[in-house]
Structure formats: C-alpha cells, structure tokens
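These notes concern the structure reproduced below.
On a predicted model such as this, the values are computed, not experimentally measured, just so you know. First the proteins, then the strands, lettered A, B, ... as listed; each starts at 1.
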2 protein chains.
Amino acid sequence: MDMAEQAVPGPELETVHLLRAVTVELALHSARFAHRNGMHPTDVRALIALMDASRGGEDIPVGRLGALLGLNSAGTTALIDRLERLGHVRRVRDERDRRRVLVEVDPRAVELGQEFFGPLTGRTVDLLKGYDERELAAVRGFLTGVREAVTDSAGQRP
Amino acid sequence: MDMAEQAVPGPELETVHLLRAVTVELALHSARFAHRNGMHPTDVRALIALMDASRGGEDIPVGRLGALLGLNSAGTTALIDRLERLGHVRRVRDERDRRRVLVEVDPRAVELGQEFFGPLTGRTVDLLKGYDERELAAVRGFLTGVREAVTDSAGQRP
DNA sequence: CCCCACTCTCTCGCTTAGCGAGATACTTGT
DNA sequence: ACAAGTATCTCGCTAAGCGAGAGAGTGGGG
C-alpha cells in the first residue's frame with residue numbers, strides 16, 4: 001500500500017462521479033440554451049415540464065407547473081408572464097373549472113427546443129443503437145435504479 | 001399502424017428521457033440539501049466543484065471557481081462571502097502569487113455533504129456492484145458518450 | 001337556492017443572487 | 001523602477017423568487 005497516493009476509487013464510484021459530471025454538463029447546456037434565447041434556467045425547466053406533460057396528453061394548470069418547479073404562486077405567475085411575453089406559452093382559461101388557467105406551449109417553442117436539443121438527443125440515440133439488448137438493459141437499469149435511490153433518500157426525512 | 005395512438009418512442013429515445021428525468025431528480029435533491037442548510041443551488045455547486053478539485057489535489061483560486069460556475073467576479077465574491085459566513089469555506093492568500101486568494105473547504109462541510117449524499121452514492125455503487133464487466137462498461141460508455149456529445153454540441157456555435 | 005368554506009390565481013412589497021463597471025493590490029517583463 | 005497585465009473586491013443596479021393577502025370561481029350543506 002502506498003499511503004502517499006490519493007485513494008483511487010473503484011470503477012463503481014468512478015461511474016457515480018461520471019454521472020454527476022454528466023448532469024453538470026447537461027445543466028450547463030440548458031443554461032446556454034436559456035441564455036441564447038433570453039431566458040433563465042427556470043424558464044427552460046418550465047418548458048421541458050410542459051412539453052413532457054403535453055406529450056402525455058396532460059393539461060397543466062398554473063399551480064401544477066409551479067409545484068413541479070418548486071415555485072410558489074407569485075413566482076409561478078412571474079415565470080408564466082415571462083414565457084408569455086416571449087411568446088413561448090399561452091394562458092387558457094379552463095372551461096371546466098373557471099378558477100384554473102391552463103398553460104399551453106406554442107409550437108414554435110417546441111421547434112426551438114428541438115433545434116437545440118435535437119442533435120444531442122440524436123447522438124445519444126445513435127450511441128445506444130450500437131448496444132445489444134443486455135447492454136441497453138444495463139444502462140436503463142442503472143438510470144432507473146438511480147432515480148429510485150434519489151426519490152427514496154428524498155422521502156427519508158420529511 | 002394506429003394513427004390515433006401517440007407516437008411510442010423506441011427504447012433508445014425512452015432511455016434519453018430517462019436520463020433527463022434522472023438529472024432533474026438529482027437537481028431537485030441538491031436543491032433540497034441546499035435549502036435545508038440555508039444555501040442556494042449555486043452554493044452547493046460551488047462546494048461540489050471545490051471538493052472535486054481538492055480530491056484531485058488542486059488549489060482553487062477565487063476566479064477559477066467563478067469560471068467553473070459561470071459567474072463573474074462580483075458574483076463570485078458574493079458567493080464566497082456567503083459560504084464563508086456559513087463557515088463552509090475559508091479564504092487563504094496564495095503565498096506564491098499574492099494577488100490570488102485560494103478557497104479552501106472546511107472539513108465539516110465535506111462531512112455535511114457526505115452525510116446527505118452518502119446514502120445515495122452508496123446505493124448507486126451497490127447497484128453497480130451487481131453488474132458484470134460488460135454491463136459496467138456499457139454504463140460507463142454511455143455516460144462518457146453523452147458527456148462528449150454535450151461538450152461537442154456546445155462548441156458547435158460560438 | 002344561497003351561503004360559506006375552500007381552491008386557484010394574481011398583486012404588492014421585499015430580499016437578495018448575479019451583472020457591469022471600475023477601483024485596488026500584486027506580479028512580471030523590460 | 002515602471003508599464004502592462006492579472007486577480008480580487010466594491011458599488012450600484014436589475015430582476016427572480018418569497019410571504020402575505022386580495023379577488024374570482026366552485027361546490028356541498030342547511
């Protein structure tokens with residue numbers, strides 16, 4: 001054993017660090033997109049959340065969007081004001097429950113996002129296409145496991 | 001083909017979405033840690049960057065920390081003021097080049113971070129320990145590939 | 001049928017993270 | 001020793017997000 005050497009982590013721990021590095025890079029990438037389009041990171045997160053929901057065919061009222069992003073009602077109003085001013089979303093009264101205001105993403109915003117994130121997504125999909133079934137399952141199992149670990153350790157202390 | 005059905009993505013695209021979901025969860029987890037300790041997301045990112053550097057035996061001056069986080073000098077000063085006020089870091093004049101001020105992490109901050117992130121890291125390492133060599137290589141190759149794809153598409157448009 | 005408690009959103013006033021500009025301290029090449 | 005360059009900090013400002021509370025709208029019980 002060489003005590004002068006820094007402790008070298010095993011491949012597993014190194015992989016965890018790698019995952020963290022990737023999340024940092026992705027966050028920076030989002031921030032660049034935001035900056036380039038006169039937005040803030042929160043605005044991008046909001047658009048992503050809205051697109052995810054709309055992909056699932058779900059209508060998103062103002063309050064739900066705020067909850068997804070961890071904002072209070074005042075902050076949520078301000079956020080949607082910004083996005084509306086940029087033409088990325090529209091407010092639509094819910095006719096079922098007229099207290100609620102639904103947030104709709106403008107198709108041009110979707111297009112804008114795909115223009116920016118498309119290449120990255122494409123390259124990643126190509127990378128995965130080179131994997132056989134077991135390797136792909138390993139990657140998915142890893143990501144699923146991490147997600148569960150995060151949500152679990154979140155519920156740990158209320 | 002059923003046109004009424006939403007387009008079902010292949011397993012590759014679904015995996016990309018899964019990765020995004022994981023990064024979102026990790027960001028929220030970080031935010032919880034920040035909030036619980038009277039900090040902001042940026043402060044946590046700063047601590048992580050400092051710990052990563054110190055693990056590599058690298059001294060971090062104020063300006064470099066700011067650059068890593070994308071802050072300008074004023075913002076960096078304010079950030080370190082906050083962290084110093086909480087006792088998480090110390091400013092130390094670099095005796096080699098007395099213009100520079102190095103930022104040192106307090107051991108108690110490291111401990112605090114490990115207390116919070118340790119369980120998550122541990123569970124992830126355990127998960128990976130169950131993988132054989134090829135599966136582990138697949139996960140690492142995936143993460144490395146994504147990281148490269150991000151940095152590449154970053155350099156695309158200056 | 002009409003209240004009254006409840007829910008959803010928005011307004012107001014405030015705190016503070018981060019920016020731009022410029023001042024200050026220190027270093028290095030000539 | 002000085003000029004040019006680099007690192008950090010100070011000052012004044014913009015605006016993201018919070019707390020509190022004010023409308024709108026809903027729906028169940030008398």
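Here the side chain of Glu84(A) pairs a donor or acceptor atom with the backbone of Arg91(A) at under 3.5 angstrom. Of the possible donor and acceptor atoms, one in the side chain of Asp132(B) sits under 3.5 Å from a partner among the backbone N and O of Arg134(B). In this structure a side-chain-to-backbone donor-acceptor pair under 3.5 Å is missing from Tyr131(A) to Val139(A). Checked by atom type and distance alone, the side chain of Arg90(A) never pairs as donor or acceptor with a backbone atom of Glu104(A) at under 3.5 Å.
Rounded to whole Å, atom C1' of dA7(D) lies 9 Å from atom CZ of Arg93(B). Spacing between atom CZ of Arg96(B) and atom C1' of dA7(D) amounts to 18 Å, rounded to whole angstrom units. Rounded to an integer number of Å, the gap from Leu86(B) CG to dT16(C) P is 13 Å. The NE2-P distance, from His35(A) to dG18(C), rounds to 14 Å in whole Å. Here dG25(D) presents its P atom at 11 Å from CZ of Arg99(A), a figure rounded to the nearest Å. Rounded to a whole Å, the CG atom of Leu69(A) is 15 Å from the C1' atom of dC18(D). Taking atom CZ of Arg98(A) as the reference point, atom C1' of dC6(C) lies 19 Å away to the nearest angstrom. We find that CZ of Arg100(B) is positioned 12 Å from C1' of dT27(C), with the value rounded to whole Å.
Both Leu102(B) and Ser73(A) lie close to DNA chain D; mapped to their nearest nucleotides by heavy-atom distance, the more 5′-ward contact belongs to Leu102(B).
Look at Arg55(B) and Asp52(B) and you find a salt bridge, because one of the NZ, NE, NH1 or NH2 atoms lies within 4.0 Å of a carboxylate O, short of that distance.
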Under 3.5 Å, which protein N or O atoms sit close to an N or O of nucleotides 13-17 of chain D? Give each pair with its distance.
{"residue": "dA16(D)", "atom": "OP1", "partner": "His40(A)", "partner atom": "NE2", "Å": "2.8"}
{"residue": "dG17(D)", "atom": "OP1", "partner": "Thr42(A)", "partner atom": "OG1", "Å": "2.6"}
{"residue": "dG17(D)", "atom": "OP2", "partner": "Arg82(A)", "partner atom": "NH2", "Å": "3.0"}

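No side-chain donor from either of His40(A) and Arg82(A) sits under 3.5 Å from a side-chain acceptor of the other.
Distances shorter than 4.0 Å separate some side-chain N or O of Arg91(B) from OP1 or OP2 on dC9(D).
Ring planes of Phe117(A) and His29(A): perpendicular class, angle over 60° (limits at 30 and 60°).
The two residues Leu102(B) and Asp59(B) have their closest heavy-atom pair at CD1-OD2, 3.8 Å. Scanning both residues, Ala109(B) and Met51(B), for their nearest heavy atoms gives O-CE, 3.9 Å.
Contacts with DNA chain D (heavy atom under 4.0 Å) in residues 46-53 of chain A: none are found.
Side-chain proximity of Thr77(B) to dT10(D), dA25(C), dA20(D): nearest is dT10(D).
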